[in-house]
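In what follows, a structure is listed as structure tokens, so that the remarks can point back to it.
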Amino acid sequence: MLLHAENPLNPAYFLDRAAKNFSERTAVIDGERRFTYREFGERSHRLAGMLRGARAQNGDRIAALCTNSHVMLEMHNGVPMAGCALVPMNIRLSQQEMGYILENSGARVLIATEEFAETARALSSSMGVRLILAGGESSEYEELLRSSEPYPTALVDEMSLLAINYTSGSTGRPKGVMYTHRGAYLQAMAMAFHSRLGLDSAYLWTLPMFHCNGWCFTWAVTAAGAVHICQRQIDPAAIWSAICSGNVTHLCAAPTVLAMIAESAVSSGDGKHGHPVHAFTGGAPPTPALLARLAGLNLHVTHLYGLTETYGPSVINDWQPEWNAEGIHDGCNEQ
């Protein structure tokens, strides 16, 4: 297969660059665990080596049943580094639907975090898929990482398959949407640009990483050399506490989650925190009342709209500075 460019676009290259240029900067915070970009890069390359050691070939499907975690971030890099295709599964689907996805995608390996161990074991048994469980230092995932040699980022056709993301609509079975390396690379660059991510940024993972690959922020944050802060479950009090800690600068969330954060802020009595946080929301537009409440909490919202088929956001309502003079923004984004 011919490459479409002398230097094909692959979002895994963002981590290779960050591991070299920002090696000792914090890359990932996941509870008590922290990894520098050097460590993040090494772990991802060892994951690629693990998959190659398990005889995975270019294009093989590797499924993920993971909460927002360092494991899911490593899979977003290690799987394409190995030349394989990632199949991120919606953790909210039924076991039957997950089984269909494994069968339809042709997944050979399933990597799951400990929160979903019971479901993952049942899926492995019924579907005949190799299961690797990730948890503490003694988990099989960690043991295999330690024993695997780092594998260099595979040189692949940028138009080849990077991931298969399954829709979860209300009609029919989940439908697989095929992402290319080039498409994900360009979307990640767009998200980094439009969200103004930089070296001083810290992105709180309230958006599921399985959803459109986290709108491609799984790679955008790394491209900017920013910090990934993993939020393993939607806990409004924990989210507001993280915001008030002063570490969070960016997050993405549905309007309902933003409303939950606002309610948590009121119930906590902490009120407005000291630094602005850029929040990005999709789907139905948040109400003017909610935007005003969030602006009062120093959360400044940008409304996006997208589809699984468009790698996440495809339309962005950037606030234009000259609109400030109109006096109609009521808490809208003022970037």
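No hydrogens, no waters, no symmetry mates; every other heavy atom, side chains included, goes into these values.
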Practice task
Indicate yes or no for a side-chain donor-acceptor contact from S125 to the backbone of A122 under 3.5 Å, with no hydrogens or angles considered.
Solution key: no

Handout entry: Evaluation steps, side-chain contact (heavy atoms from CB on, under 4.5 Å), between E309 and S314
Key = CA-CA 10 Å; E309 293 82 353; S314 57; over 6 Å; no

Exercise for the section: State, yes or no, whether a side-chain contact exists between N104 and I164 at a heavy-atom distance under 4.5 Å. Expected result: no

Problem - More than 12 heavy atoms from other groups under 6.0 Å of CD on E103 - result: no

Practice task
Indicate yes or no: at least one non-hydrogen side-chain atom of I111 is less than 4.5 angstrom from one of V79.
Solution key: no

Problem - hydrophobic_cluster_shared for V87 and I91, side chain cutoff 4.5 Å - result: yes

Practice task
State, without any angle test, whether Y13 and N7 hold a side-chain donor-acceptor pair at a distance under 3.5 Å.
Solution key: no

Practice task
Give a yes or no answer on whether the side chain of S148 reaches the backbone of G49 with a donor-acceptor pair at less than 3.5 Å.
Solution key: no

Exercise for the section: Evaluate salt bridge (charged side-chain N to carboxylate O under 4.0 Å, His left out) for E97 paired with R173, printing each intermediate quantity in order. Expected result: CA-CA 7 Å; E97 289 171 314; R173 287 177 165 177; over 6 Å; no

Fill in the blank from the handout: Between S201 and H250, the two heavy atoms sitting closest are OG-CE1, 3.5 Å

Exercise for the section: Take L123 and V129, measure what side-chain contact (heavy atoms from CB on, under 4.5 Å) needs, and give me the verdict at the end. Expected result: CA-CA 8 Å; L123 287 168; V129 176; over 6 Å; no

Practice task
Check whether more than 12 heavy atoms from other residues, nucleotides or ligands sit under 6.0 Å from atom CZ of R34, and answer yes or no.
Solution key: no

Problem - Atom pair CE/OG1 of M72 and T113 - distance to nearest 0.5 Å - result: 8.5 Å

Exercise for the section: Measure the acute angle between the ring planes of W205 and Y203, then classify it against the limits of 30° and 60° as parallel, tilted or perpendicular. Expected result: perpendicular

Problem - Non-hydrogen side-chain atoms of I316 and F280 separated by less than 4.5 Å - result: no

Practice task
Tell me, yes or no, whether the heavy-atom count around E322 atom CD, taken from other residues, nucleotides or ligands under 6.0 Å, exceeds 12.
Solution key: yes

Fill in the blank from the handout: d(S160 OG, L162 CG) to nearest 0.5 Å is 8.0 Å

Exercise for the section: Give the C-alpha distance, both sets of side-chain angles, the deciding distance and a yes or no for side-chain contact (heavy atoms from CB on, under 4.5 Å) between Q187 and W215. Expected result: CA-CA 8 Å; Q187 178 71 351; W215 294 352; 5.7 Å; no

Handout entry: S44 (side chain) donor-acceptor with F40 (main chain) under 3.5 angstrom
Key = yes

Problem - N/O donor-acceptor pair under 3.5 Å between T281 side chain and H303 backbone - result: no

Problem - Residue pair L15, H45: steps toward the side-chain contact (heavy atoms from CB on, under 4.5 Å) verdict - result: CA-CA 10 Å; L15 180 53; H45 280 287; over 6 Å; no

Handout entry: Which residues share a ring-ring contact (aromatic ring centres under 6.0 Å, His included) with Y141, sequence neighbours left out
Key = none

Exercise for the section: Examine distances only and state if a side-chain atom of H181 and a backbone atom of M159 form a donor-acceptor pair shorter than 3.5 Å. Expected result: no

Completion exercise
The side-chain contact (heavy atoms from CB on, under 4.5 Å) partner of L204 among I239, N68, V277 is I239

Fill in the blank from the handout: When every non-hydrogen atom of A107 is compared with those of A63, the smallest separation belongs to CB-CB, 4.0 Å

Exercise for the section: Please say whether more than 12 non-hydrogen atoms of neighbouring residues, nucleotides or ligands are located less than 6.0 Å from CE in M127. Expected result: yes

Problem - Non-hydrogen side-chain atoms of D60 and L51 separated by less than 4.5 Å - result: no

Problem - Salt bridge E142-R33, side-chain N to carboxylate O under 4.0 Å - result: yes

Practice task
Check whether any side-chain heavy atom of C212 sits under 4.5 Å from a side-chain heavy atom of Y179, and report yes or no.
Solution key: yes

Handout entry: OG-CD distance between S126 and Q95, expressed to the nearest 0.5 angstrom
Key = 6.0 Å

Practice task
Calculate, to the nearest 0.5 Å, the distance between atoms CE and CG belonging to M98 and N90 respectively.
Solution key: 7.0 Å

Exercise for the section: Report yes if some heavy atom in the side chain of E158 is under 4.5 Å from a heavy atom in the side chain of L9; otherwise report no. Expected result: yes

Exercise for the section: Flag yes if more than 12 heavy atoms outside E118 fall under 6.0 Å of its CD atom; otherwise flag no. Expected result: no

Handout entry: Residue from M50, E137, R43 passing side-chain contact (heavy atoms from CB on, under 4.5 Å) with R146
Key = E137

Problem - N/O donor-acceptor pair under 3.5 Å between Y185 side chain and A12 backbone - result: no

Exercise for the section: Kindly give the heavy-atom pair with the smallest separation between H228 and T218, and that separation in Å. Expected result: CE1-O, 3.5 Å

Exercise for the section: Report yes or no: does R108 contribute a side-chain atom to a donor-acceptor pair with the main-chain N or O of R55 at less than 3.5 Å? Expected result: yes

Practice task
Using atom types as modelled and distance alone, determine if a side-chain donor or acceptor of T36 lies under 3.5 Å from a backbone N or O of R25.
Solution key: no

Handout entry: Exam field: side chain T153 to backbone M81, donor-acceptor pair closer than 3.5 Å
Key = no

Handout entry: Flag for Q96-S94: side-chain donor and acceptor within less than 3.5 Å
Key = no

Handout entry: NZ (K20) with more than 12 external heavy atoms under 6.0 Å
Key = no

Exercise for the section: Mind jotting down which residue pairs meet the ring-ring contact (aromatic ring centres under 6.0 Å, His included) criterion with at least one end in residues 57-105? Sequence neighbours excluded, please. Expected result: F35-H70, H76-W219

Practice task
Kindly work out whether a path of hydrophobic side-chain contacts (I/L/V/M/F/W/Y, heavy atoms less than 4.5 Å apart) joins L197 to Y311.
Solution key: no

Fill in the blank from the handout: In terms of heavy-atom contacts, P313 and M191 come closest through CG-SD, 3.8 Å

Handout entry: Same apolar cluster (I L V M F W Y, side chains within < 4.5 Å links), V257/I243
Key = yes

Problem - Inter-residue atom distance L73.CG - D30.CG, 0.5 Å rounding - result: 8.0 Å

Fill in the blank from the handout: Closest heavy-atom pair, A154 versus A82, reported as atoms and distance to 0.1 Å, is CB-C, 4.1 Å

Practice task
Consider only side-chain heavy atoms of I, L, V, M, F, W and Y, link residues closer than 4.5 Å, and tell whether I62 and L102 are in one cluster.
Solution key: no

Problem - Non-hydrogen side-chain atoms of M75 and C66 separated by less than 4.5 Å - result: yes

Exercise for the section: Following the transitive rule for hydrophobic clusters with a side-chain heavy-atom cut-off under 4.5 Å over Ile, Leu, Val, Met, Phe, Trp and Tyr, establish whether L251 and L290 coincide in one cluster. Expected result: yes

Fill in the blank from the handout: Heavy-atom nearest pair, A242 first then V248, reads O-CG2, 3.6 Å

Exercise for the section: Keeping the roles fixed (side chain from S69, backbone from T67), state whether a donor-acceptor pair exists under 3.5 Å. Expected result: yes

Practice task
Drop me the distance from T222's OG1 to N77's CG, to the nearest 0.5 angstrom.
Solution key: 6.0 Å

Practice task
Answer whether the closest heavy-atom distance between the side chains of N10 and P80 falls below 4.5 Å.
Solution key: yes

Practice task
Report the relative orientation of the aromatic rings in H278 and H300; use parallel for angles under 30°, tilted for 30 to 60°, perpendicular for over 60°.
Solution key: tilted

Problem - Contacts of type ring-ring contact (aromatic ring centres under 6.0 Å, His included), residue F116, not counting sequence neighbours - result: none

Problem - Stepwise salt bridge (charged side-chain N to carboxylate O under 4.0 Å, His left out) check, E39 with R46 - result: CA-CA 10 Å; E39 293 168 331; R46 285 184 179 275; over 6 Å; no

